[in-house]
Amino acid sequence: MSETTAILLLAHGTPDVLSEMAEYLAKVTSGRPMPAHIIEELQHRYAEIGLRETPLPERPPLTRWTLRQAVLLEDEILTTVYVGMRNWHPYIADVVAQMKSDGITHARVLCLAPQNSRTSTGLYRKALEAALKDTPGKPFTYDFIAGWADEPLLALAFAEHLWPTWAEACAATKTHVPILFTAHSVPCRTILSGPAIPQRPLDAQSPVPADGIQNYGTSTTPDPYPVECKQTAARVAELLAPVGLTEKDWFFAFQSQGIAGAPWLGPTVEDTLKALAAEGHKAVVLQPIGFLCDHVEILYDIDIAFTKTAADLGLQLFRPQSLNDSPTLIHALQHVLQQR
């Protein structure tokens with residue numbers, strides 16, 4: 001029997017309507033229910049970026065752009081591309097079942113989270129393995145690409161969006177504006193090696209426990225995530241060196257620290273903005289380098305929350321456009337899939 005190969009892109013997923021928030025968060029936390037006030041707060045944030053009680057015609061931004069990236073990649077690579085989400089539709093298990101039904105015998109699997117972490121790629125891989133085992137049909141073999149933070153075309157895609165925004169900010173303020181690169185924070189305990197922390201039940205009225213809301217399992221090695229995040233930022237900064245960006249002009253922070261009781265990786269964006277304001281800066285360019293498209297951590301956390309924080313500190317915040325359907329990003333995906 002000849003081999004039928006396909007591409008499988010894995011992503012986080014996002015709810016389609018506000019009333020799905022509790023169910024969605026239960027997926028994120030592997031079944032642990034969240035307190036009502038947290039559900040309500042996240043519903044507020046999603047409402048601020050356009051989510052409603054009826055589905056959006058073009059789907060939520062994360063879903064819309066991820067599916068668009070798959071279409072563009074399929075056009076480039078001339079191989080069928082599937083998309084599976086860990087926490088919402090289209091679920092990884094449903095997509096794997098469809099791939100089996102379609103007769104796929106081998107898949108190249110790529111996570112749309114460039115920096116490798118147990119909190120993202122690790123959980124995606126577990127979901128894929130469970131789906132291959134639990135869904136009907138003959139399992140297919142696969143090659144799993146766990147991280148691609150060092151992909152040169154990824155850095156180029158970010159730099160292409162960053163350079164005009166940085167130039168605009170410098171011209172508008174007549175100053176040399178600092179650049180703040182960010183990536184999503186993770187609980188500090190998840191980047192350390194060691195056994196999994198036992199977790200007690202959580203009901204909707206109880207506070208979030210100090211051991212957090214998610215069990216990431218046992219690990220014998222430290223998580224590479226924080227190092228890979230900063231490496232991506234450094235590669236983007238290097239590409240702007242010819243137009244005047246120096247090492248002293250850029251900074252790095254972790255954004256969107258969660259509601260888990262245990263400490264989360266820092267420094268935070270809020271503290272970094274305070275430090276920049278204290279140094280006398282009047283503006284900042286903030287570019288997230290851990291996200292490939294628009295979603296709540298960009299459209300709310302940056303465009304609304306951080307922009308207000310910056311304004312309260314006397315800082316004007318500029319943000320480059322997200323990669324979304326960037327041709328260079330699509331070429332980066334293609335290159336990673338063909339070379340690794």
Side-chain angles (χ1 to χ4, degrees), residues 10-15 24-25 27-30 34 38 41-42 45-46 49 60-63 65-66 85-88 111-125 146-149 154-155 157-158 161 179-192 208 212-214 216 222-236 251-273 286-307 309 317 319-320 322-324 329:
L10 302 180
H12 187 270
T14 190
Y24 163 73
L25 291 175
K27 300 291 184 182
V28 174
T29 63
S30 298
M34 297 302 296
I38 293 177
E41 171 60 25
L42 288 173
R45 296 182 185 186
Y46 275 81
I49 67 168
L62 174 62
T63 307
W65 287 117
T66 301
M85 306 281 193
R86 176 177 174 260
N87 301 306
W88 206 249
C111 295
L112 295 178
Q115 295 84 18
N116 186 13
S117 173
R118 289 193 292 276
T119 64
S120 57
T121 52
L123 293 178
Y124 298 159
R125 185 165 192 163
W148 47 288
L154 175 66
F158 281 121
H161 285 214
I179 294 172
L180 176 57
F181 295 105
T182 69
H184 203 300
S185 184
V186 295
C188 291
R189 64 184 174 80
T190 67
I191 66 171
L192 303 174
V208 177
I213 60 173
Q214 177 66 63
Y216 296 102
D223 197 302
Y225 178 73
V227 173
E228 292 193 1
C229 288
K230 294 169 187 177
Q231 286 176 338
T232 302
R235 285 177 174 268
V236 177
F251 304 84
F252 186 90
F254 288 98
Q255 69 167 82
S256 309
Q257 281 76 8
I259 42 68
W264 283 60
L265 207 58
T268 67
V269 170
E270 294 88 342
D271 286 345
T272 306
L273 292 176
L286 194 156
Q287 184 178 53
I289 49 80
F291 308 116
L292 301 185
C293 67
D294 286 332
H295 54 101
V296 70
E297 279 86 358
I298 293 177
L299 300 176
Y300 181 85
D301 291 3
I302 297 176
D303 291 355
I304 297 176
F306 295 155
T307 296
T309 298
L317 189 148
R319 178 181 68 82
S322 299
L323 297 188
N324 294 336
L329 170 63

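Note that these values count all heavy atoms, side chains included, but never hydrogens, waters or copies made by symmetry. For clarity, every value in this text was computed on a predicted model and none was experimentally measured.
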Practice item. Go through C229 and F252 one step at a time and tell me if the side-chain contact (heavy atoms from CB on, under 4.5 Å) criterion holds. Key: CA-CA 9 Å; C229 288; F252 186 90; 3.6 Å; yes
Practice item. Quick one: do N324 and D294 satisfy side-chain contact (heavy atoms from CB on, under 4.5 Å)? Show the steps, please. Key: CA-CA 7 Å; N324 294 336; D294 286 332; 3.2 Å; yes
Practice item. I would like to know whether L154 and R235 meet side-chain contact (heavy atoms from CB on, under 4.5 Å); could you show each step before the answer? Key: CA-CA 9 Å; L154 175 66; R235 285 177 174 268; over 6 Å; no
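With contacts defined as side-chain heavy-atom distances shorter than 4.5 Å, the pair T182/Q287 does not qualify. Side-chain contact between P15 and Y46: present, with at least one pair of heavy atoms (C-beta onward) separated by less than 4.5 Å. Inter-residue side-chain proximity for W148 and E228 is flagged as unmet; no heavy-atom pair is nearer than 4.5 Å. Here the side chains of T14 and H295 are not in contact, with every heavy-atom distance at 4.5 Å or above. Residues T307 and R319 have side chains not in contact (no heavy-atom distance under 4.5 Å, counting atoms from C-beta outward).
The minimum heavy-atom distance between I302 and P288, with the atom names listed, is CD1-CG, 3.7 Å. Closest non-hydrogen pair, S256 versus E297, comes out as OG-CG, 3.6 Å. Taking every heavy atom of both residues into account, P114 and L292 meet most closely at CG-CD2, 3.8 Å. The nearest pair of heavy atoms linking I49 to V296 is CD1-CA, 3.8 Å. Residues P226 and I191 share a closest heavy-atom pair of CD-CG2, 4.0 Å.
Between the CG atom of D223 and the OG atom of S120 there is a distance of 8.0 Å, given to the nearest 0.5 Å. One finds the CG atom of L123 at 6.5 Å from the OG atom of S30 (value rounded to the nearest 0.5 Å). Annotation: the span from H12 atom NE2 to Y124 atom OH amounts to 5.5 Å, rounded to 0.5 Å. Atom SG of C188 is separated from atom CD of Q257 by 9.0 Å, given to the nearest 0.5 angstrom. Of the inter-residue distances, the one linking L299 atom CG with R45 atom CZ reads 13.5 Å to the nearest 0.5 angstrom.
Using modelled atom types and a 3.5 Å distance limit, the side chains of T121 and R118 yield no donor-acceptor pair. Side chain to side chain, Q115 and T232 meet the donor-acceptor criterion of an N or O pair below 3.5 Å.
Taking the six-membered ring for Trp and thresholds of 30 and 60 degrees, W264 and H184 have ring planes inclined between 30 and 60 degrees apart. Ring geometry for Y225 against F254 counts as tilted: the plane angle lies between 30° and 60°, on a 0 to 90° scale.
A side chain to side chain contact (heavy atoms under 4.5 Å, CB included) with L286 is found for one member of F306, F181, F251 and no other, namely F306.
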